[in-house]
Amino acid sequence: MPDLIVAGAGMAGLAAAARARELGAEVVVHEKGHGPGGSMLLSSGMIWRYRDWERFRAECPGGDEKLQRLVWERLDDDLDWLETQDAPALHRKTGTPFTAGARFDTAALTSALVKRAGGVRLRDPLTALPDGVPVVLATGGFQANRDLVATHITPEAPNLVLRANPWSSGDGLRLALEAGAALSVGMDEFYGRNLAAAPQISSEDFVPLAQVYARHARVENLAGESYRPRTWSDIDVVQWTARQSGARARYVVPDAALDASVRELTVRDLVEAARDAGAPVERREGETVVEVVAAITTTLGGIQIDERAQAAEGLFAAGGDVGGISTGGWSSALASALVLGKLAAEEAISSRR
Ligand SMILES: Cc1cc2nc3c(=O)[nH]c(=O)nc-3n(C[C@H](O)[C@H](O)[C@H](O)COP(=O)(O)OP(=O)(O)OC[C@H]3O[C@@H](n4cnc5c(N)ncnc54)[C@H](O)[C@@H]3O)c2cc1C
């Protein structure tokens with residue numbers, strides 16, 4: 001009988017398993033997919049926090065303040081810890097003045113953590129909770145489950161693009177609710193991106209086709225009703241788009257905005273990427289119109305946990321399975337997965353002693 005069972009070999013599950021083994025525990029890691037890494041592997045690998053606590057609270061006002069505090073206070077040390085797992089950061093900067101963090105090579109991070117976790121049982125999902133062994137649920141949220149997304153988030157669920165691993169379909173949420181856990185706040189919120197509405201979108205397109213310049217454009221739905229973006233991360237725009245007909249919108253970009261910087265690129269670069277991928281891009285007098293489709297990356301509502309990352313007796317949860325941290329806005333999902341995954345392992349092991 002192992003000391004700990006972990007469900008999910010993404011950011012939260014691998015951090016939990018690596019930490020548990022470091023503490024001398026015997027761990028079994030179940031993974032539903034054919035490879036480890038989950039959405040972490042597909043991600044940009046930027047693990048970050050707001051520099052100022054007040055800004056975090058202001059950006060995500062609906063989140064559980066105690067959980068937010070944990071993530072905010074522990075992240076820097078946990079990034080140091082991650083680097084001790086033979087996973088050096090590519091660099092420890094974010095490129096955004098009001099955030100701090102580090103970027104990792106996600107393939108290298110995945111293989112380093114799998115090694116530290118002592119291996120992963122692939123194509124072996126956790127489908128029921130065992131008796132007498134603590135469990136960390138880290139199955140990544142419910143974005144791949146169209147029915148749950150339709151129930152909690154938008155009736156346009158069938159038209160959303162899944163911008164995530166295909167296996168995070170709410171298994172952790174189901175197991176936790178069966179064990180008596182509660183739902184968090186913010187079940188109708190999600191993080192995602194508006195992608196260029198190309199005829200084919202594969203996982204290699206998740207980053208390059210993201211049209212992250214809503215603040216430089218006029219945003220309107222296909223019926224011509226407009227929406228005024230209100231966040232730096234565009235999270236409100238993608239959540240609005242997901243609730244429009246077809247989960248689609250148009251970005252009307254004035255020529256004057258084409259040279260505006262977006263991270264290391266310009267708006268023009270992103271518009272050209274959209275055109276090259278075959279998305280509807282229309283040139284008009286003095287402006288360019290790009291059609292976008294809402295893509296869901298991770299649900300922001302889910303299992304409610306306490307400050308020990310516990311959802312029910314002997315049952316812990318972390319990462320996208322947990323809700324109520326970014327509520328009302330957006331904060332790094334990799335950061336909360338890392339901090340709460342590690343904490344969940346520590347608490348689960350000490351609950352055995
Ligand atoms: C393109 C893209 C870019 C991103 N960029 C960033 C970024 O720069 N910064 C950031 O903070 N976030 C980013 N994210 C989001 C981030 O990757 C995820 O939110 C994060 O990986 C969540 O960690 P997790 O461990 O909860 O889930 P995951 O990393 O997805 O891992 C969950 C794992 O659980 C497995 N699983 C599902 N059901 C079961 C089951 N029943 N039993 C066992 N295993 C199961 C899944 O197969 C998966 O491997 C990005 C995501 C994408 C897709």
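Atoms within a ligand are numbered from 1 in the order they appear, just like the ligands themselves. Remember, predicted model here, so these are calculated numbers, not experimental data.
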Among protein heavy atoms, which sits nearest to atom 20 (C) of ligand 1, and what does the distance come to when rounded to 0.1 Å? Leu334 CD2, 3.7 Å
In terms of atom number and element, which parts of ligand 1 are under 4.0 angstrom from non-hydrogen atoms of Phe206? 1 (C)
Classify the ring geometry of Phe98 against Trp232: parallel below 30°, tilted from 30° to 60°, perpendicular beyond 60°. perpendicular
Heavy-atom distance to atom 44 (N) of ligand 1: which of Arg123, Lys32, Met40 wins? Lys32
Check whether more than 12 heavy atoms from other residues, nucleotides or ligands sit under 6.0 Å from atom CZ of Arg69, and answer yes or no. yes
Quick one: does Gly37 get a heavy atom under 4.0 Å from ligand 1? yes
Near Ala337, which atoms of ligand 1 are under 4.0 Å from a heavy atom of that residue? 23 (O)
Check each atom of ligand 1 against the heavy atoms of Leu42 and keep those under 4.0 Å away; list them by number with element. 1 (C), 2 (C)
Report yes or no: do Thr154 and Glu156 form a side-chain donor-acceptor pair below 3.5 Å? no
Any side-chain donor paired with an acceptor under 3.5 Å for Arg283 and Thr288? yes
Side-chain donor-acceptor pair present, Trp81, Glu22, cut-off under 3.5 Å: yes
Any chance the side chains of Asp171 and Thr139 put a donor and an acceptor closer than 3.5 Å? no
Write out the residue and atom name of the closest protein heavy atom to atom 49 (O) of ligand 1, then the distance separating them to 0.1 Å. Glu31 OE1, 2.7 Å
Starting from atom 5 (N) of ligand 1, which protein heavy atom do you reach first, and at what distance in Å? Ser44 N, 3.2 Å
Mind checking whether Asn165 has an N or O less than 3.5 Å away from an N or O of ligand 1? yes
So, Ser169 and Lys32: side-chain donor and acceptor under 3.5 Å apart, yes or no? yes
Please report whether ligand 1 has a polar contact with Leu126, defined as an N or O pair separated by less than 3.5 Å (distance criterion only). yes
If you round to the nearest 0.5 Å, how far is CG of Asp80 from CG of Asp77? 6.0 Å
More than 12 heavy atoms of other residues, nucleotides or ligands under 6.0 Å from CZ of Arg263: is that the case? no
May I have the step-by-step check of ring-ring contact (aromatic ring centres under 6.0 Å, His included) for Phe190 and His152, ending in yes or no? CA-CA 10 Å; Phe190 74 94; His152 292 288; over 10 Å; no
Look at atom 9 (N) of ligand 1 and find which of Met46, Arg163, Glu204, Arg121 reaches it with the closest heavy atom. Met46
What do we get for Asp171 next to ligand 1 when only non-hydrogen atoms under 4.0 Å count, side chain, backbone, both or neither? side chain
List the closest protein heavy-atom neighbour of atom 28 (P) of ligand 1: residue, atom name, distance to the nearest 0.1 Å. Ser39 N, 3.5 Å
Using heavy-atom distances only, which candidate in Gly8, Ser43, Ala138 approaches atom 32 (C) of ligand 1 most closely? Ala138
Would you say the side chains of Thr106 and Ser43 form a donor-acceptor pair under 3.5 Å? no
A student checking ligand 1 against Gly320 at a 4.0 Å heavy-atom cut-off should list atoms 26 (O)
For Ile47, is the nearest heavy atom under 4.0 Å from an atom of ligand 1? no
So which heavy atom in the protein is nearest atom 52 (C) of ligand 1, and how far is it from that ligand atom? Thr297 CG2, 3.7 Å
Which residue owns the protein heavy atom closest to atom 11 (O) of ligand 1, what's the atom, and how far is it? Ser332 OG, 2.6 Å
In terms of atom number and element, which parts of ligand 1 are under 4.0 angstrom from non-hydrogen atoms of Gly319? 26 (O)
Which ligand 1 atoms are under 4.0 Å away from a heavy-atom of Gly45? 8 (O)
Is it true that the side chains of Thr231 and Asp236 contain a donor and an acceptor less than 3.5 Å apart? yes
Give the residue and atom name of whichever protein heavy atom lies nearest to atom 43 (C) of ligand 1, and the separation in Å to one decimal. His30 O, 3.2 Å
With the side chain counted from C-beta on, respond yes when Leu137 and Val322 share a heavy-atom pair under 4.5 Å apart, and no when they do not. no
So with a 6.0 Å cut-off around CZ of Arg121, is the heavy-atom count from everything else above 12? no
Are any of the N or O atoms of Met11 closer than 3.5 Å to those of ligand 1? yes
Relative to the ring of Tyr251, is the ring of Tyr213 parallel (under 30°), tilted (30 to 60°) or perpendicular (over 60°)? perpendicular
Shortest protein heavy-atom distance from atom 19 (O) of ligand 1, along with the residue and atom involved: Ala333 CB, 3.1 Å
Report, in ascending order of atom number, the atoms of ligand 1 lying under 4.0 Å from any heavy atom of Ala12. 25 (O)
Contacting atoms of ligand 1, where contact means under 4.0 angstrom from a heavy atom of Gly10: 25 (O), 28 (P), 29 (O), 31 (O), 33 (C)
